[in-house]
Amino acid sequence: MAHYQGLIEKYRDRLPVDENTPVISLNEGNTPLIELKSLPRLVRKKVRIYAKFEGLNPTGSFKDRGMTMAVTKAVEGGAKAVICASTGNTSAAAAAYAARAGIACFVLIPEGKIALGKLSQAMMHGSVVIQIRGNFDDGMRLVQLAAESTSVALVNSINPYRPQGQKTVAFEVVESLGDAPDYHALPVGNAGNIGAHWAGYSEAACEQTRACAYCDGKCPFHHEKIATRRPIMLGYQAAGAAPIVRGRIVENPETVATAIRIGNPASWELAVNAQRESGGWFAECSDEEILHVQKLLARTEGVFCEPASAISLAGVLKDLEQGRIGEGTTIVCTLTGHGLKDPDTAIAQCVKPLTVDAELSEIEAVIREHLS
Ligand SMILES: *Cc1c(COP(=O)(O)O)cnc(C)c1O
């Protein structure tokens, strides 16, 4: 098989690029779809649950899928700099892809509310990090204005190329399973990803050759049907930041899952459209439930995702228990980001490491105590 060169090369005929497009890639995508073996037994349900582990993308989150497209198109359009507002992962991805492209990057983040790993990435890749005394929603408003008043390209998910890249996750799931699953669950923050998943599944199940918003009928999008159906989409929000679940803007969103700490999602309508068309639903989980499942997943399956990501599984386990999701079904949960992104939250949930003298007897004593 040819050397994997990222999702634009792989899905070139389904994306708005041509042979002259300067592809900016870090070989993102192609993430593992891991079947969870212990958890279905633990909750005593006969279901197949798969984790699509997007934390294994180059910068540790699914944001790389959209960013390879957004930065590629920005460079193609002649941009010398990109800008975004971020709860963390968008800035990490923008910083890395801008570095790869050799252009400048400005990121707006909420002061003190960004996970340590993400901040370190934005700084390390050389972006200009601007902390604002405000939240993500304030940042979002400001970057839109700044992109209009300056020549800097906006790479937030309202950039139309981001969802184009992100939709490829659905193609990969379909290729792995042979068809779409019964359910696909994911966290919902700014709400771009659920619509992108839905667009991907819709294209996978479509055999028409039709013009899209990008090609004016000149490129053969949707040319090959690779799925016979589409999944039911499930979107989960944190209880302190659940505007879509509750049907109103949340002024001061709060949750330990900082990646989805958003009170006024930019892609609200598209998200609701995906939910309605698929016959799915939105539901919320408490911070306690999120952290419990994050730890459970790490301990029973060996998969370490960040808090926001764990909500997809937390929601599914709750809906299984309540019978909203039936047995005999196949469920895919997108684990959007890696656990190492937020070491502080992880460490705060665990018992402190033991400290002992450097003696064999001390080590033996600990082993005996733990195995007894
Ligand atoms: C960005 C992000 C989300 C939310 O995705 P939206 O498209 O904004 O709904 C969820 N989890 C992680 C880890 C993220 O980085």
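Worth saying up front: this structure is predicted, and the values here are computed from it rather than measured. Indexing begins at 1, ligand by ligand and atom by atom, following the structure's order. Basis for what follows: all heavy atoms, side chains included, without hydrogens, waters or symmetry-related copies.
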Out of Thr258, Thr336, Ile194, whose heavy atom is nearest to atom 11 (N) of ligand 1?
Thr336
Within 45° of the ring axis of Phe136 and under 6.0 Å from its six-membered ring centre, is that where the NZ or CZ of Arg261 lies?
no
What do you reckon, does Ser61 have a nitrogen or oxygen under 3.5 Å from a nitrogen or oxygen of ligand 1?
no
Between Glu306 and ligand 1, does any nitrogen or oxygen pair lie at a separation below 3.5 Å?
no
Could a heavy atom of Ser157 be found less than 4.0 Å from some atom of ligand 1?
no
Hey, is ligand 1 close enough to Ser309 that some N/O pair sits below 3.5 Å?
no
Is there a polar contact, in the sense of an N or O pair closer than 3.5 Å, between Asn89 and ligand 1?
yes
Determine whether the aromatic ring centres of His338 and Phe53 lie less than 6.0 Å apart.
yes
Heavy atoms only, cut-off 4.0 Å: how does Ala308 contact ligand 1, side chain, backbone, both, or neither?
side chain
Please say whether Gly189 places an N or O atom under 3.5 Å from an N or O atom belonging to ligand 1.
yes
Any N/O of Ala191 closer than 3.5 Å to an N/O of ligand 1?
yes
Return yes or no for this condition: an N or O of Ile260 is under 3.5 Å from an N or O of ligand 1.
no
Examine Phe282 together with Tyr236 and report whether their ring centres are nearer than 6.0 Å.
no
